[in-house]
Structures are given as C-alpha cells and as structure tokens.
Amino acid sequence: MSEYFSLSDCDVIGFDLDHTLCRYHLKETSRLIYESFARYLVEHKGYDKDLLNLTPAIWDFCFKGLVVDLEDGNIVKLAEDGTVLRATHGTNDLSTEEIITHYGPQREWKHFNSLNTSFTRSAKYYFYDNYFDLPGALLCGKVVDMLHKRGNEVNSDFWKDVVAAIDHNYNTSAFKVTVLV
C-alpha cells in the first residue's frame, strides 16, 4: 500500500450511511426520511394523517442516543451510567417528578445493562444511534401522542408498524435505478 491515499486511484467509490465520504444536509434528509416513514403508516396502516404535520420546532426533539422504551412509550436520554437524564412520553416532556415516578429516585432505566452490553434492538426498547433511523424516534413519539389522542393504550404493539415503515423505506428495491430513454 502506498504512503498516500488518493481517490483518483480508486475504480469505485462507495458511500455508507455515516458521512464517511460525504456530508448530508441533515435537516432535509431527516425530514424526507420522517415523511417517508409517516406516509407509509398513513397510507398502508391507517394511521392518522396528523403524523404528516410537523412544525420546525419539533425537530429539536431528535438527537442521537435516544432510546424508545417500547413497553410504555417513553423516550429517554441516558447518562453513561444508565441514569435517565431526560424523558418524554410521546413528544411531551416528563417533569423531574414524573421521571422519578417512572424510574425511581435514582432515575435508573431498567434495561440499561442489556443496552450497555449490546447496543442492539430488543422487544423492549430501540436505541437510535444513527442519523438514518433517528427520524423514527420522532415518529414513535408522534404515534404515542396519536394513540393517546384516540384513547388507546400505549404498548409495544405500535412498534411492528414502525418497523414495517422502516423496512419499507430501506427496501433495496427502492434504490433501483430507473433509466429514461
């Protein structure tokens, strides 16, 4: 291998999903990803069209490192030791008192040890660790809000629909190139 790397020496350049060779316009990319997820839920799963209505301020909701607790619809931001730093139920902020009610005086999230060892998905939570699925955290919050508005109980059942939206959005057939002649 030579001492210097040059893109001109490459026959093929591949892009992965974490900014390795390019920079994304994250606001626009996130909006498009969210709209695709939400449109799928509205058109294929019968969810309320209100999922498609977003205000610019709602994007402050999204940042890396969020965990959706699928058992109760809470979205938590954790410290390195598993302490709940902040939490929402749907997109509504929980007060310090509400966080203590849910997670105890030490504010400990009960699944932290399994998350901390694997950073994987589970039937009980989903860890949002990259920009390409992060709009799904906002979608989960909005779905929980919608379930409450309808008077439905919040449990992990909504998650299978969100996963279907994600699968639909990132289906490899969606990336086929159409050649116009």
Any luck finding a side-chain donor-acceptor pair between Glu71 and His111 under 3.5 Å?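 Distance-only check passes for Glu71 and His111.
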Between the side chains of Asp145 and Thr91, is a donor N or O closer than 3.5 angstrom to an acceptor N or O?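 On atom types as modelled, these side chains qualify, holding a pair under 3.5 Å.
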What pair of heavy atoms forms the shortest contact from [X] to [Y], and how long is it?
| X | Y | result |
| --- | --- | --- |
| Val67 | Phe127 | CG2-CD1, 3.5 Å |
| Arg150 | Gly46 | NH2-O, 3.5 Å |
| Leu138 | Tyr34 | CG-CE1, 3.9 Å |

Any donor-acceptor pair under 3.5 Å linking the side chain of [X] with the backbone of [Y]?
| X | Y | value |
| --- | --- | --- |
| Thr101 | Glu97 | yes |
| His89 | Val144 | no |
| Thr88 | Gly90 | yes |

Report yes if some heavy atom in the side chain of [X] is under 4.5 Å from a heavy atom in the side chain of [Y]; otherwise report no.
| X | Y | result |
| --- | --- | --- |
| Thr83 | Leu78 | no |
| Leu94 | Arg86 | no |
| Val162 | Cys140 | yes |
| Asn74 | His102 | yes |
| Val42 | Leu52 | yes |
| Val76 | Tyr125 | no |

Distance in Å, Trp109 CH2 paired with Asp69 CG, rounded so as to fall on 0.5 Å steps: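 Those atoms lie 6.0 Å apart.
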Pairwise distance NZ(Lys149) to NZ(Lys142) - rounded to 0.5 angstrom: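 NZ of Lys142 is found 8.5 Å from NZ of Lys149.
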How far apart are the C-alpha atoms of His44 and His168, what are their side-chain angles, what is the distance that settles it, and do they pass the side-chain hydrogen bond (donor to acceptor under 3.5 Å, both in side chains) test? CA-CA 10 Å; His44 297 279; His168 175 77; 4.8 Å; no
If hydrophobic clusters are built from ILVMFWY residues whose side chains come within less than 4.5 Å, do Leu147 and Ile58 share one?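 Yes, same cluster.
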Should Leu41 and Val163 be regarded as members of a common hydrophobic cluster, given that ILVMFWY residues are connected when their side-chain heavy atoms come within less than 4.5 Å of each other, either directly or indirectly?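 They do share one cluster, since a chain of ILVMFWY contacts under 4.5 Å joins Leu41 to Val163.
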Does a sphere of radius 6.0 Å around NZ in Lys124 hold more than 12 heavy atoms from other residues, nucleotides or ligands, not counting ones at 6.0 Å or beyond?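 For Lys124, atom NZ is not crowded (no more than 12 foreign heavy atoms under 6.0 Å).
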Can you check side-chain hydrogen bond (donor to acceptor under 3.5 Å, both in side chains) on Tyr47 and Asp161, steps first, answer last? CA-CA 10 Å; Tyr47 281 71; Asp161 292 336; 2.5 Å; yes
